[in-house]
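Take a look at the structure below.
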2 protein chains.
Amino acid sequence: MRHSQTAEARPYHHGDLRRALIDAARRVLEAEGPSALSLRAVAREAGVSPAAPYHHFKDKGELMDAVAHEGWDLLDAALAAAKAAASSSQAAMNELGVAYVCFARQNPALYRVMYDTARDREDLPDKMRGDEEGAYCKVRDTLVEAGANPADTLDIELATTAAWCSAHGLAEMAGFTQFDHLKVACGGEIAFFRAIFQHMGLVPKHRAD
Amino acid sequence: MRHSQTAEARPYHHGDLRRALIDAARRVLEAEGPSALSLRAVAREAGVSPAAPYHHFKDKGELMDAVAHEGWDLLDAALAAAKAAASSSQAAMNELGVAYVCFARQNPALYRVMYDTARDREDLPDKMRGDEEGAYCKVRDTLVEAGANPADTLDIELATTAAWCSAHGLAEMAGFTQFDHLKVACGGEIAFFRAIFQHMGLVPKHRAD
DNA sequence: GTCCGATGTGGACGATGTTTAGATAGCACT
DNA sequence: AGTGCTATCTAAACATCGTCCACATCGGAC
């Protein structure tokens, strides 16, 4: 009630423990991997007692949600940058896909937390599916710019969903060693991604390349 | 002291505890979900002490591997059935995709264990990538039958990988509530899957004509 | 029948998520 | 100033988990 404009985050003793805990979680995630991401380890990393986080998060899941939320922000920014850098609207879809998979490969632990929490609640975060902004809408707009018929809204939604699923599937599989020889054959990991996207029907109708 | 469904008083030395533990794990998985799948819970379900499994599995991970292994067998069988039932080689690819996603939807916890263990070791199980049999080769063969050029081995491998990634991506996303309205619009979940696969480039593009 | 190794049990250890009671520190109001 | 109020943090405890230990027990080879 009192200070609603500064949001709920303004701890007294620590400065901003909520913020510190999320950062500590990110640090643990980077250093030790998802399996080491325990509430106690995060509290330890932040230098507080194991019970302290409970004044800022209902339970461990809520901390994970906060970490995942930051991940979605980062992913959204990466997609925005890729879209801005695309040379043509035809190329933009493939660039989005490559940027998506590269993000997952560069932040594997974070990406895993993002989808683990999403699947636990059977919901992608709202920010992804917003009609006005968010990654989902970026993909949809790019599809329209690439030539899809904006009047056929069902078709557009299906195409957007298909593209997202394809990219997510590749992102999850990209780490498997079975595909190492394909990466070599394609001349590098990113070239491999492009080759795979070539086989996925990301761009509507006409071939982009 | 009757535990779940063990027929009657079991001999103090179990007949085949390894088998019983895997079955118990499957039962726990179905009933309580992946988060409840603890070693102790499995031992409890099988009616043995928490230490008993260690005479059959090195650690919890090895039990999970065994459960996942059964999952891959089931998935392989589901794909084989779908391939056999396909009316034409053109339709077979889409049928394989639908069967894949349906398997994941009908065994969500098992599917999650399968990929969690695979990602932990950064390896899909060998049985999936065998050159002679296994799910990977089923998809590859189906692609060739559907018109892909078998001489271009790199292209075939890329197309197979792309199809697998697409199906896996859809399988993981299919549970999200965001897509409920699309399922309704398509006239059911399976119709939704078909519509999505329609947008994914599963069937090879006939570049030669 | 005796022995031995494979398979079971119970108890213990450290780590985890979570809750509780109590200590501490900043803010509001006299 | 002082007095509360409340948010924040600590310490201790609990149940559960994975894992290991010493020991009990069974089944088969001799």
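By convention in this document, chain letters (A, B, ...) are assigned in the order of the sequence lines, proteins followed by strands, and residues within each chain are numbered from 1.
In this structure, OH of A:Y54 is placed 17 Å from P of D:dT8, rounded to the nearest angstrom. The CG-P distance, from B:D16 to D:dC26, rounds to 19 Å in whole Å. Put simply, CG on B:L63 is 14 Å from C1' on D:dT19, counting in whole angstrom units. Between the P atom of C:dT24 and the CG atom of A:L17 lies a distance of 19 Å, rounded to the nearest Å. Distance B:F57 CZ to D:dG18 P: 14 Å, rounded to the nearest Å. Distance, A:E32 CD to C:dA15 C1': 14 Å, rounded to whole Å. A:L37 places its CG atom 11 Å from the P atom of C:dT16, with the value rounded to the nearest Å. Atom C1' of nucleotide D:dC20 and atom CG of B:L39 are separated by 13 Å, given to the nearest angstrom.
For C:dG8, neither phosphate oxygen OP1 nor OP2 lies less than 4.0 angstrom from any side-chain nitrogen or oxygen of B:S49. When the side-chain nitrogen and oxygen atoms of B:R44 are compared with OP1 and OP2 of D:dC17, one or more of them lie within a distance under 4.0 Å. For the OP1/OP2 pair of C:dA6 and a distance below 4.0 Å, the side-chain nitrogens and oxygens of B:H56 include no atom meeting the criterion.
Between the side chain of B:R40 and the base of D:dT19, a donor-acceptor pair under 3.5 Å is found.
Side-chain atoms of A:R121 and B:T177, non-hydrogen and from C-beta on, never get closer than 4.5 Å to each other.
With ring centers used as reference points, A:Y100 lies 6.0 Å or more from A:H168. Annotation: B:W72 is not in aromatic contact with B:Y111 [ring centroid separation under 6.0 Å not met]. Aromatic pair A:F197/A:F193: centroids not less than 6.0 angstrom apart.
A salt bridge links A:K83 to A:E145: at least one charged side-chain nitrogen sits closer than 4.0 Å to a carboxylate oxygen. Taking a cutoff of 4.0 Å between a charged side-chain nitrogen and a carboxylate oxygen, A:R26 and A:E70 qualify as a salt bridge.
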Protein-nucleotides 22-24 of chain D N/O pairs closer than 3.5 Å?
none

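Screening B:V42, B:L39, B:I22 for a side chain to side chain contact (heavy atoms under 4.5 Å, CB included) involving B:F57 leaves a single residue, B:I22.
Position along DNA chain C of the nearest nucleotide to A:G61 versus B:P50 favours B:P50 as the more 5'-ward residue.
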